[in-house]
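Report on the structure given below.
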Amino acid sequence: MYYNFFHIGNIVYYVCLAISVVLLLTKIIDHIVGLFPSKKFPDAKKDHKFLILIPARNESKVIEGLLKSIENQTYNTDLLETYVIVESTDDPTCEIVKKYKNTNIFVRQHLELKGKGYALDEAIQEVFASKKDYDAMFIFDADNILAPNFIEEMNKSYDAGYKIALGYRNSKNWNDGWVASCSALTFSMINTFHNKCRAKFNRNVILSGTGFYIDFEEIKKIGGWKFYTLTEDYELTLFSALNSIKSTYNEYAEFYDEQPTSLKTSWNQRLRWVKGHSQSDKKYAKELLKSAIIEKGNRFNKTEFAISLLPIASMLITIISYTIYTLVLSIVGFILHEPLAIRVLMACGISAMAIYLFLILYTLLMILAEKKRINLTAKNAFICCLTNPFFMFLYIPIFFRSISKKQVEWKPIVHSVTVIDK
């Protein structure tokens, strides 16, 4: 009887594993394509006019790095106009902004509406009222620093007809501890192992954080910035897929940001991400699936985003369930003095170790794929390989915490890194 339980468990496990691999096929292809060079955009025929929005509450320590990088663009800066969003005229950021041309301070009035989405919408409504017009609108965080050719490269994407484009997100502080390294690799994974393939085959890309533009006419159609979930970037991703708004990824438009260095800060940040993804999926998943069935255009993209977590979730549930099942079965076996109990316990250990080793190799692959772009020392790369499986595993308790916590607040992250780690 005991052997039958173990045998049936193995059969169920391998069947579920095979189904999970099939569901993950598109993501496996994304990863393979991500190892090859990105598509390049042709030189732009026209220099377009861009609006830049920067939410910057209490960001006086880092805002100047971003403003200097905008000022030092290879692009014609007369075609750039910047609005820095603050909550009070007493914010030291206001004095810093005055030193830069074509740069304005926007002081929020509706502070009862908390969140980045509301701040962006309030500033956009002010721009609408001014009757000023632009071709597209960039969104940056105050801690970002742009490579000198960032806007020149993004102008190529816009000139090629893409209504939304995302640049390459690099890190200022790769070597500020294992949390900073692992956190930065998250964005390397999204861009290199997902967005690179998406862009190559004209699929909607996954927007992550900042460093992207959206066509100004599209913003007018929407009526402003109407994305208020905790992850307004992902909400815009789903909105663009649902409405077949062309988006792309430009690897050659590079910008930098600061990653958290403490596990607590990273936990809070990722809790917000997970809760925000859940909010966005709840809002758009049914519409995406319905649209994929009824409408002809963009069906694959819509279906993929509608079931976005299913492939990964199925794999995780399969492996974790098998590990728990064999662990419980081995304990029962030892209680019953079953000779097979040792073999069952070994199966449990092998399963757990296989997950860990796979994630180490996956991390190593990411680092090797990005070695020309990321600035990890050999020592920190080794530490990152060993710790990233734990960093990724933490998404499981974070997910359950997000379910049990009805209200997740947007907790500010203190930024202090003003230079890029070379």
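As a basis for the values below, the full set of heavy atoms in this structure was taken, side chains included, without hydrogen atoms, waters or symmetry mates. No experiment lies behind these values; they were computed from the predicted model shown.
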In this structure, are over 12 heavy atoms from other groups packed under 6.0 Å from [X] atom [atom1]?
X: F393; atom1: CZ; answer: no
X: F382; atom1: CZ; answer: no
X: Y228; atom1: OH; answer: yes

Lys/Arg N to Asp/Glu carboxylate O, [X] vs [Y], below 4.0 Å:
X: E295; Y: K302; result: yes
X: R203; Y: D30; result: yes
X: K46; Y: D159; result: no

Using the ring of Y168 (Phe, Tyr or Trp, six-membered ring only), decide whether R373 places NZ or CZ under 6.0 Å from its centre and within 45 degrees of its axis. yes

Would K220 and F128 count as a cation-pi pair here, with the cationic atom under 6.0 angstrom from the ring centre and within 45° of the axis? no

Do [X] and [Y] have side-chain N/O donor and acceptor atoms under 3.5 Å apart?
X: N380; Y: N175; answer: yes
X: N155; Y: Y75; answer: yes
X: T93; Y: E59; answer: no
X: E64; Y: Y100; answer: yes

Give a yes or no on whether the backbone of A147 and the side-chain of Q73 come within a donor-acceptor separation of less than 3.5 Å. yes

